[in-house]
Amino acid sequence: MNNHTLANRDLAVLWHPCTQMKDHETLPLIPIKKGQGIWLEDFDGKQYLDAISSWWVNLFGHSNPIINAAIKVQLDSLEHTIFAGFTHEVGIKLAERLVAITPAGLDRCFYADNGSSAVEVALKMSFHYWRNQGQRNKTKFITLENSYHGETLGALAVGHVALYKEIYEPLLMDVITVPGPDCYHRDSGESWADYSRRRFAIMEETLQQQAKSVCAVIIEPLVQCAGNMRMYDPVYLSLLRTACDKYHVHLIVDEIAVGFGRTGTLFACEQAAISPDFMCLSKGLTGGYLPLSAVMTSNSIYQAFYDDYQKLTAFLHSHSYTGNALACSAALATLDIFQQQNIIEKNKPLAAVMAKSAERFIEHPHIAEVRQTGMILAIEMVKNRQTREAFPWQERRGLKVYQHALSKGVLLRPLGNVIYFMPPYIVTEEELWLIADVAWQGIHLATQD
Ligand SMILES: *Cc1c(COP(=O)(O)O)cnc(C)c1O
């Protein structure tokens, strides 16, 4: 078995996510044989440093001994069971721990099995809450420009990345899209906080005018990951929390990508000291092992659904794999690692090394910005540094960086012209320098001519 034969078998029967399959006529598909720590190894024996945590899910490396052991133990007692009418110990334990570690007031946990589904759950719960309160006019959602919340139709509707959304527009519900706080667009000399505050005025005005018809504002706290890793200041979240209370609108915080330490705190919300009405979690929740998601909400929202069956106020939403026991055991082991190894503190010096390794990018003639929030660092590659004119997307310069990095044994997967580092937390200082070196060479090659 080698890469070539497996890739051919794959291409005969498979259809891959987020991929123009024709690209694989020239771009070899890479069959992975095993993962160990931060390294992936293909069937030809070549190794790749997983600098993007396998699409932002992996936190503590592949084949992590602690998570492996927890899943093996769980496997011998219960792999999965229906979660309506039935429950299990790992599902209960995980909910208890999530209630304990998420911001105050998030005392209820509803499971689903992937990020998009968690977003759907939060949207439906918010809408249904208002309906149960007799508020039938609240049917809309407010979202930010450049936001991303997943690919199912409801989640896609509240997102705003044209590449994923535009084609499907006729299928999507109407939403209110507000210009966001993305600090890439701030004036020169303006601070992130000042720009974020200034941009909040548009949100405030929208809420003031439309709150009567709005269920909730949905937002990715601090970093719009799929939207090219654009970042903003926590002050926007504090202002938003206050305004949502004032105008009687829910706040849905999508921490699917940024939760579990990515922004430097366990949850991004902590940096604004806010509690949302709904918090969506997935990706890192199981350490990158198994699909699971959770929507955390308050007991007061829960109570609005709690009544005699005949009143038809119950939340009749389900997924077959809700609260999968193996996934819950992986999540519990992941939370154990956070706690026992003091990960949030240990990540601070790593984040500092990441910043240092990227210092030289700041002066590069084709780089407009290097930005960082905690364990996420992004490099904005542009045609013209002064005017910030972007490279035309058709030139696919990011793809050139991807290919170069692969040839050097590093998995980077740029978002358009944005190269970013989002490694598992087991990354070493040397590995961070390696990632930066390879990115530097890749950017050099991709920006010649
Ligand atoms: C990845 C992501 C989702 C969707 O999660 P899936 O598990 O891929 O459906 C939703 N919101 C954000 C912010 C994400 O990054």
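One-based numbering, in listed order, for ligands and for the atoms of each.
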Exercise. Is E204 paired with K246 through a side-chain N to carboxylate O contact shorter than 4.0 Å?
Worked result: yes

For this session: May I ask you to decide whether D194 forms a salt bridge with R198, counting only side-chain N to carboxylate O separations under 4.0 Å?
Result: no

Problem set entry | Proximity to ligand 1 by part of S116, non-hydrogen separation under 4.0 Å | both

For this session: Compute the shortest N/O to N/O distance between K283 and ligand 1 and return yes if it is under 3.5 Å, no if not.
Result: yes

Exercise. If you count the atoms of ligand 1 from 1 in the order shown, which ones are under 4.0 Å from a heavy atom of D254?
Worked result: 10 (C), 11 (N), 12 (C), 13 (C)

For this session: Number the atoms of ligand 1 from 1 as they appear, then name those within less than 4.0 Å of a heavy atom of A257, with their elements.
Result: 15 (O)

For this session: Measure from the ring center of H248 to the ring center of W130 and say whether it is less than 6.0 Å.
Result: no

Exercise. Which word best sums up how the rings of H317 and F315 line up, parallel for under 30°, tilted for 30 to 60°, or perpendicular for over 60°?
Worked result: parallel

For this session: Over 60° means perpendicular and under 30° means parallel, so classify the ring planes of F83 and H88, tilted if in between.
Result: tilted

Exercise. Charged N to carboxylate O under 4.0 angstrom, R197 versus E190?
Worked result: no

Problem set entry | Within-cutoff protein neighbour (heavy atom, under 4.0 Å) for atom 8 (O) of ligand 1 | no

For this session: Considering the heavy atoms of E220, write down every atom of ligand 1 situated less than 4.0 Å from one of them.
Result: 13 (C)

Problem set entry | Ligand-side contact atoms (ligand 1) for residue partner H149, heavy atom cut-off under 4.0 Å | 10 (C), 11 (N)

Problem set entry | Closest to atom 6 (P) of ligand 1 (judged by heavy-atom distance), picking from A226, G115, C18 | G115

Problem set entry | From CA spacing to verdict: salt bridge (charged side-chain N to carboxylate O under 4.0 Å, His left out), E395, K400 | CA-CA 9 Å; E395 294 176 4; K400 293 180 183 143; over 6 Å; no

Exercise. When only distance counts, is S282 in polar contact with ligand 1, meaning an N/O pair under 3.5 Å?
Worked result: no

Exercise. Does the ring centre of F60 sit less than 6.0 Å away from the ring centre of F338?
Worked result: yes

Exercise. Which ligand 1 atoms are under 4.0 Å away from a heavy-atom of W56?
Worked result: 15 (O)

Exercise. Within a strict 4.5 Å, meaning less than it, do heavy atoms of the P291 and Y321 side chains meet?
Worked result: no

Problem set entry | Those atoms of ligand 1 less than 4.0 Å from some heavy atom in N114 | 7 (O), 9 (O)

For this session: Go through ligand 1 atom by atom and flag the ones less than 4.0 Å from a non-hydrogen atom of G150.
Result: 4 (C), 10 (C)

Seminar exercise, completed: Counting heavy atoms under 4.0 Å, the part of W55 that contacts ligand 1 is neither

Problem set entry | ligand 1-proximal atoms of E151, by part, heavy-atom distance under 4.0 Å | neither

